[in-house]
Amino acid sequence: MSPDELRRKASELGISEEKRKEEKKGLPPLPNVEMWGYVKTRFAPNPDFVIHLGNARAAILSHEYARMYNGKFVLRFEDTDPRIKTPIPEAYRAIEEDLEWLGIRWDEEYIQSLRMELYYDVIRKLLEEGKAYVDLCPADVFRKFRNEGKPCPHREEDPATQLERFDKMLEGCYGEGEAVIRIKTDLTHPDPAVRDWVAFRVIDTSRNPHPITGDRYVVWPTYNFAAAVDDHVLGVTHILRGREHAVNTIKQMYVYRHMGWRYPEVINFGRVSIEGFILSKSRIKELLKRYRRMFLGYDDPRFGTIASLRRRGILPETIRELILELGVKGTDATVSWENIASLNRKIGDRKCKRVFVVLNPVRVVLTNLETPLQVRIRFHPSENLGERQYLLSRPEIVISRDDAEHLRSKGGLRLMEFANIEYIEEKNNSIVAKVVKGGVEVAKAKGYRIVQWIPVEHAVRVTIYEASGKRLRKRRAVGESILRNLVGEVVQMIRVGFGRIDSAVGNSVDVIYAHS
RNA sequence: GCCGCGGUAGUAUAGCCCGGCCAAGUAUGCGGGCCUUUCGAGCCCGUGACCCGGGUUCAAAUCCCGGCCGCGGCACCA
């Protein structure tokens with residue numbers, strides 16, 4: 001076919017060249033949207049800790065797809081295990097804050113521990129219809145039956161007995177481990193994990209109270225049951241989750257088949273990790289428990305939690321773009337820090353204030369500077385981010401040792417946004433220099449460096465915390481006093497790197513370093 | 001051990017379903033140039049990949065088979 005023919009064919013089929021380009025940029029389309037008639041997605045975290053980048057992937061993709069199709073997005077807390085993955089009261093709000101920070105808005109919010117009656121209603125129906133049963137076998141006894149593909153004696157008993165036992169469970173007649181409810185599946189299913197999986201178990205909430213419902217319930221649905229019911233009841237059309245959930249999809253389909261429901265479309269994506277970072281919730285929890293004093297908290301810059309990334313100056317747009325770039329591929333992805341840094345730099349370059357921080361400071365005395373002198377320095381050369389002013393009453397500034405070296409060998413340099421200076425001599429551990437005429441052009445013509453500088457009388461102590469693998473390096477530096485007013489902001493420390501002003505106490509400022 | 005998923009440049013991703021617009025696109029990294037009051041950003045040029053072996057076909061990154069490697073699941077966790 002000639003190019004012309006191809007183009008004609010393409011337009012017949014409704015494909016335009018522009019359309020192809022657009023598709024390339026965004027996420028791939030969701031399957032079977034027409035069949036459902038609408039799109040509803042959900043993010044379902046366990047509030048047992050703050051979320052990390054991997055969780056954020058599910059949240060961002062789900063949210064993004066809902067937006068793409070003008071659909072709805074649901075936040076659902078899966079807190080049905082008060083014993084092993086005990087929810088933390090503060091985590092509910094912390095997760096909401098992380099999502100808000102990421103720019104995610106949800107249309108509906110649910111908490112599973114507040115929906116227990118719903119799960120009881122559904123399981124009652126399944127028991128009545130002989131599609132589930134109360135299993136009184138000890139775990140190891142059942143496992144034997146299951147591995148042989150044989151039914152345990154309780155499976156065959158009639159619905160009346162099942163319902164009776166269910167009521168006894170609710171009344172607290174069985175202790176932990178004495179009774180579970182199982183969904184009837186296929187006892188010969190090749191994957192033993194799928195065979196008659198557990199839908200409810202007994203948890204002694206007088207010993208392990210639930211942070212929201214206390215000891216009100218002792219019969220708790222498992223993840224697979226609660227999620228299966230909710231996804232249907234809430235009208236979820238598309239589930240986006242990590243591929244560790246692949247078997248759960250198979251398990252949950254049995255509930256749908258029994259109830260005559262239609263199972264949502266499922267997309268399983270791979271795990272994300274950041275090169276050199278700790279992402280795993282359980283690993284972070286363990287580290288914090290055992291070596292509490294060695295970390296700054298759950299948002300320590302060495303962790304991959306959203307709070308950590310935020311605290312060290314990664315912008316929400318960076319995370320969003322990163323995740324959308326990863327897409328929905330089923331393979332695991334190890335993103336390099338270089339890549340995150342590059343994205344963050346690009347986005348931050350435009351919107352972050354630029355400030356002066358000097359490493360290895362050396363004092364420079366300017367012999368011919370007339371003081372007092374008011375100096376204004378813009379926060380950004382091209383964007384309108386405001387300015388700061390300093391009143392110089394003494395002609396003393398600091399620059400970095402490295403730049404001082406250059407000043408001596410090259411004979412001069414330019415103090416950014418201020419003046420060109422020339423070297424005279426070295427005296428009492430200070431450099432003596434003089435201000436000379438001319439602007440940037442002159443400095444460039446002479447091959448002078450253009451450097452950051454700080455008036456001695458407006459200097460504050462700066463500690464830069466830099467995550468470097470498992471270590472947290474501390475670097476001492478000097479910064480301009482305006483930093484004290486910038487707590488919480490992400491800034492570009494000119495020629496040093498990006499970071500976030502973490503705190504300011506008296507004349508000391510802590511900065512968490514993001515990247516160069 | 002048993003079940004399942006996947007392997008495109010250093011890293012990540014597009015293309016694979018529906019074989020030929022692919023001598024493989026993009027981002028980052030690296031090298032060079034331009035621009036810029038930063039060693040940052042921007043612009044331009046260059047660099048570099050279809051896991052291996054068979055098969056089907058006029059034609060395979062794309063389909064089939066085998067191997068190797070990686071990952072996930074096998075909880076009364078989510």
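What you see is a predicted model, and the numbers here were worked out from it, not measured in a lab.
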Counting the atoms with a prime plus P, OP1 and OP2 as sugar-phosphate, which does [X] contact under 4.0 Å by heavy atoms, base, sugar-phosphate, or nothing?
| X | answer |
| --- | --- |
| A:Thr80 | sugar-phosphate |
| A:Gly177 | base |
| A:Glu325 | sugar-phosphate |
| A:Gln492 | base |
| A:Asn224 | nothing |
| A:Asp81 | sugar-phosphate |
| A:Ala333 | sugar-phosphate |
| A:Ser382 | nothing |
| A:Val180 | base |
| A:Lys85 | base |

With C1' as the reference atom in both, quote the distance from B:A49 to B:A14 in angstrom, rounded to an integer.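 The same atom, C1', in both gives a distance of 13 Å.
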Check whether any side-chain nitrogen or oxygen of [X] sits under 4.0 Å from OP1 or OP2 of [N], and answer yes or no.
| X | N | result |
| --- | --- | --- |
| A:Lys329 | B:A12 | no |
| A:Arg143 | B:C76 | no |
| A:Lys346 | B:U28 | yes |
| A:Arg243 | B:C71 | no |
| A:Arg345 | B:A41 | yes |
| A:Arg201 | B:A78 | yes |

May I have the distance from [X] (atom [atom1]) to [N] (atom [atom2]), rounded to whole angstrom?
| X | N | atom1 | atom2 | value |
| --- | --- | --- | --- | --- |
| A:Leu326 | B:U28 | CG | P | 15 Å |
| A:Leu343 | B:U26 | CG | P | 17 Å |
| A:His189 | B:C74 | NE2 | P | 14 Å |
| A:Arg495 | B:U36 | CZ | P | 18 Å |
| A:Met493 | B:G40 | CE | P | 15 Å |

Is there a donor and acceptor pair, one atom on the side chain of [X] and one on the base of [N], closer than 3.5 Å?
| X | N | answer |
| --- | --- | --- |
| A:Arg354 | B:U38 | yes |
| A:Glu441 | B:U37 | no |
| A:Asp191 | B:G4 | no |

- Item | Identified pairing partner of B:U36, criterion: Watson-Crick or G-U wobble below 3.5 Å |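 Its partner: none found.
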query = When you measure from the side chain of A:Gln162 to the backbone N and O of A:His154, does any donor-acceptor pair fall under 3.5 Å?
reply =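 Judged by distance alone, yes, a pair lies under 3.5 Å.
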#### Entry: Over-ring placement of A:Arg475 relative to A:Tyr513, 6.0 Å and 45° cut-offs
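Yes, A:Arg475 and A:Tyr513 form such a contact.
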Checklist entry - Should A:Glu176 and A:Arg83 count as an ion pair when the cut-off is N to O under 4.0 Å? => result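 Result for this pair is yes, salt bridge flagged.
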Open item on the list: Using the ring centroid of each side chain, check whether A:Trp453 and A:Phe418 are separated by less than 6.0 Å.
Closed with: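 Ring centroids of A:Trp453 and A:Phe418 are less than 6.0 Å from each other.
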